[in-house]
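Scroll down for the structure; my scribbles are underneath it.
For clarity, every value in this text was computed on a predicted model and none was experimentally measured.
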Amino acid sequence: MIDKFVPDVPAALAGIADGAVILMAGFGNGIPETLVKGLVAQGARNLTLVANSGGRDTGPTADILATGQVDKLICSFVRPDSTAGRLFAAGKLELEIVPQGTLAERLRAAGAGIQAFYTPTGADTLLAEGRETRVINGRNCLLEFPLRGDVALIDAWEADRWGNLTHRASARNFNPVMAMAAALTVVQTRHIVPLGDIPPANVHTPGVFVHRVVHVPE
Amino acid sequence: MIDKFVPDVPAALAGIADGAVILMAGFGNGIPETLVKGLVAQGARNLTLVANSGGRDTGPTADILATGQVDKLICSFVRPDSTAGRLFAAGKLELEIVPQGTLAERLRAAGAGIQAFYTPTGADTLLAEGRETRVINGRNCLLEFPLRGDVALIDAWEADRWGNLTHRASARNFNPVMAMAAALTVVQTRHIVPLGDIPPANVHTPGVFVHRVVHVPE
Amino acid sequence: MTFRPLDRAGIAARIARDIPEGWFVNLGIGIPTGVSDHVPNDREVIFHSENGVIGAGPAPDPDKIDPYLVNAGTQHITLRTGGSFVHHADSFVIARGGHLDLCVLGAFEVAENGDIANWARAPDEAVKQVGGAMDLAIGAKRLWVAMEHTTKGNGGSRIRQVCSYPLTAKGVVTRVYTDLAVLGIAPNGFLVLDMVDGMTPAELQDRSEAKLHWQ
Amino acid sequence: MTFRPLDRAGIAARIARDIPEGWFVNLGIGIPTGVSDHVPNDREVIFHSENGVIGAGPAPDPDKIDPYLVNAGTQHITLRTGGSFVHHADSFVIARGGHLDLCVLGAFEVAENGDIANWARAPDEAVKQVGGAMDLAIGAKRLWVAMEHTTKGNGGSRIRQVCSYPLTAKGVVTRVYTDLAVLGIAPNGFLVLDMVDGMTPAELQDRSEAKLHWQ
């Protein structure tokens with residue numbers, strides 16, 4: 001019997017190695033907060049963190065950045081006045097800023113086996129300096145490569161034992177996209193449901209992209 | 001009030017011009033059969049038809065090919081013993097064969113504003129002859145370009161007046177992907193539902209991709 | 001008679017006037033966020049938010065907040081009847097694939113060729129606050145900019161021959177709404193479409209670094 | 001003792017034996033389609049179909065056919081509890097993105113470097129029947145081939161030093177199941193993993209154009 005549930009957060013995060021690339025979903029909500037706390041406790045170091053933003057002074061992103069576990073942050077924006085902004089200013093954090101749509105698309109490309117793609121986003125800007133570009137149908141485009149994670153930390157509303165997930169309202173955001181882009185996809189879910197409970201046409205993240213699920217009730 | 005419903009099939013297909021690129025969804029089911037019949041009646045010529053396959057001797061694809069309206073067929077396979085196969089053999093139909101996953105991805109790229117992408121599919125095969133390739137991370141890849149339609153013909157199970165759609169079971173197939181890839185997306189739906197009836201988290205094709213909807217009860 | 005500049009809400013209201021029913025619209029942070037407040041409820045305009053919200057509605061009553069529903073500014077919102085949710089990659093299919101009838105962004109500067117600069121005031125701060133602006137700027141059918149005509153400090157014009165700040169995207173702006181005027185982008189540069197009451201062509205040109213054109 | 005070749009169902013059953021619980025598997029048309037019939041119900045293997053079906057189940061009773069539910073061969077199927085539907089692009093995210101533990105395809109020929117030819121017997125017919133084979137061949141974690149060891153006509157071997165038919169993909173096959181043997185692909189070529197009862201190494205080599213290796 002396939003059963004992707006694990007008993008607790010340490011089991012969910014077991015084996016995450018130093019140097020891993022961690023995809024952390026969420027955008028205002030849908031953040032896997034308990035898993036991020038678990039990663040702080042787990043203690044892996046020299047991590048690369050991929051997230052939509054660098055966060056603020058408190059909250060999951062700030063918390064894990066403050067431990068010094070993260071060497072590099074890949075995200076679409078960093079507030080200068082935030083833990084991430086100050087660590088960068090102090091030379092303690094490497095930053096790679098990626099436009100938000102390109103970030104989502106690079107994650108999807110990793111999940112989809114696309115080896116590279118051309119997008120007009122960011123062409124003719126400072127982000128294009130020193131990068132490969134190409135004019136296609138009269139539009140200047142940047143060549144972008146997939147962004148693959150070793151581990152994705154995912155938030156869900158419901159999960160079944162095959163790892164099928166739903167996400168609630170705008171808490172969906174990066175969750176389905178990051179789930180498909182990592183070698184190990186770990187989910188925290190508010191609710192556990194029996195197999196078959198989620199209507200087959202309304203699974204938001206199919207279990208094929210999910211490896212471990214831990215129940216984190218509200 | 002936004003209202004994408006049109007009274008009948010001629011109204012749904014009004015304005016389709018000679019030479020148009022027509023995306024026809026479906027794979028065994030989920031084929032917009034009534035719209036295809038309507039396109040035969042409408043009579044636009046010199047069309048390029050994009051579909052998963054060349055069909056058989058009967059059915060929507062064979063029917064429209066048999067009229068001579070279609071100059072070129074872009075699809076993932078053609079049975080030699082079919083209307084499409086015989087028209088090709090007789091020099092009356094141009095063929096472009098695209099691997100099925102690349103076909104889906106090229107359609108999505110058109111919908112997503114991706115200007116080109118690299119995929120290993122088809123590299124090192126006859127389909128790569130004379131084409132641009134590139135080795136990325138040790139894998140030989142083909143450069144593929146978006147496949148945009150002037151018109152997409154779409155099948156749905158339910159539709160509301162904003163054009164939000166659901167598709168039933170495996171009848172989903174190419175429908176959401178082609179809906180996003182055309183300048184004019186025309187839908188035939190089995191059921192009309194009030195706005196708000198489809199749960200917001202379970203819309204399969206958002207109305208933003210849909211322009212006209214015609215009710216075709218079973 | 002002296003002219004009366006619009007305040008920020010006034011700019012937002014002026015933009016709202018020009019958005020017809022049925023448009024699918026993304027509003028950036030700053031002045032643009034206020035645009036939806038000025039679209040009457042019976043004119044159906046569908047607002048998109050980058051985090052996957054289609055049909056974003058106004059802020060909820062404080063006792064009706066859904067913690068799972070925010071907009072791209074992470075403010076609590078409601079969902080209109082008929083709205084739906086998609087994931088982030090699909091949300092940017094909408095933004096980048098030409099499916100938005102309109103995106104309204106704030107900006108530091110707009111140039112007469114349609115260049116927009118809205119994410120950094122200097123190259124050395126440039127690598128930090130991009131967000132979704134570059135995606136929206138290249139992807140929408142129409143890009144309107146909402147900003148004050150001149151800077152607060154020295155009164156320098158934001159209506160430029162060439163942008164002095166790092167670009168967000170090149171040649172994409174189709175219209176500019178300021179506190180003083182509405183400008184289109186024509187092949188030969190800025191085209192004045194409207195001015196606030198009491199404004200004269202000479203006074204508007206005086207506050208614009210780029211040459212203005214009249215029809 | 002003479003050897004007894006497997007029939008097509010026998011090849012399918014032999015493959016099924018090697019698929020562990022929990023694998024996510026795509027089955028091509030031909031011999032592979034039969035593999036699922038030989039996976040016992042209590043061993044949970046999830047079958048994927050290119051047209052967006054995750055968790056494809058066996059054919060329904062004739063009176064319980066759902067016309068909206070077919071597999072990639074457009075045959076009526078059922079959906080297992082826990083199964084789900086995705087659209088075609090997402091379905092090929094699964095196929096091309098490395099999410100299939102296994103794909104089983106039929107083939108005309110396999111070469112000792114893992115090349116597979118399964119879509120055309122000659123270049124001039126080559127541009128017609130690709131379907132999803134090229135996507136599946138490059139995308140799955142493991143690609144197993146199910147085919148007869150030799151051709152029906154002249155008994156020529158399908159186990160080749162170099163494929164003589166147009167390739168589907170280069171260097172991707174990890175295992176070959178024939179009516180006579182199970183072969184792995186090792187750095188130096190075909191490695192015999194199993195043979196049918198009564199088969200001898202010499203007889204198997206005799207039916208193989210490529211050199212076989214034994215551990």
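- Per-residue counts of heavy-atom pairs under 4.5 Å with chain C were compared for A/Gly122, A/Gly85, A/Pro120; the largest is that of A/Pro120.
- Between A/Asp124 atom CG and C/Thr168 atom OG1 the span is 11.5 Å, to the nearest 0.5 Å.
- In C/Lys141, the NZ atom is crowded: over 12 heavy atoms of neighbouring residues, nucleotides or ligands sit closer than 6.0 Å.
- The local environment of CZ in A/Arg56 is sparse, with at most 12 non-hydrogen atoms from other residues, nucleotides or ligands closer than 6.0 Å.
- Contacts between residues 67-99 of chain C and chain A, defined by a heavy-atom separation under 4.5 Å, are made by C/Pro67, C/Tyr68, C/Leu69, C/Val70, C/Asn71, C/Ala72, C/Thr74, C/Phe85, C/Val86, C/His87, C/His88, C/Ala89, C/Phe92, C/Arg96.
- Residue-environment remark: CG (A/Asn137) stays at or below the threshold of 12 foreign heavy atoms within 6.0 Å.
- The residue among A/Asn140, A/Thr205, A/Thr121 with the most heavy atom pairs within less than 4.5 Å of chain C is A/Thr121.
- Of all heavy-atom pairs spanning A/Leu127 and C/Val130, the tightest one is CD1-CG2, 4.2 Å.
- A donor-acceptor pair under 3.5 Å is formed between the side chain of C/Asp135 and the backbone N or O of A/Gln100.
- Taking non-hydrogen atoms and a 4.5 Å limit, the residue list of residues 64-77 of chain A in contact with chain C, ordered by number, reads A/Ser76, A/Phe77.
- Interface remark: A/Arg190 contributes side-chain atoms only to the contact with chain C (heavy atom separation under 4.5 Å).
- With rounding to the nearest 0.5 Å, the separation of OG in A/Ser170 from CD1 in C/Ile54 is 12.5 Å.
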Step by step, work out the side chain to side chain contact (heavy atoms under 4.5 Å, CB included) result for A/Arg139 and C/Ile138.
CA-CA 10 Å; A/Arg139 298 192 79 174; C/Ile138 61 95; 3.8 Å; yes
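- Rounded to the nearest 0.5 angstrom, C/Asp115 CG and A/Thr125 OG1 are separated by 11.5 Å.
- Listed here is the closest heavy atom pair of C/Pro166 and A/Leu126: CB-CD1, 3.7 Å.
- Between chain C and the residues A/Pro80, A/Ser53, A/Gly30, the most heavy-atom pairs under 4.5 angstrom are made by A/Pro80.
- Contact count versus chain A (heavy atoms, under 4.5 Å) is highest, among C/Gly131, C/Ala133, C/Gly52, for C/Gly131.
- Comparing A/Leu103, A/Thr119, A/Asn173 by how many heavy-atom pairs each has under 4.5 Å with chain C, the most go to A/Asn173.
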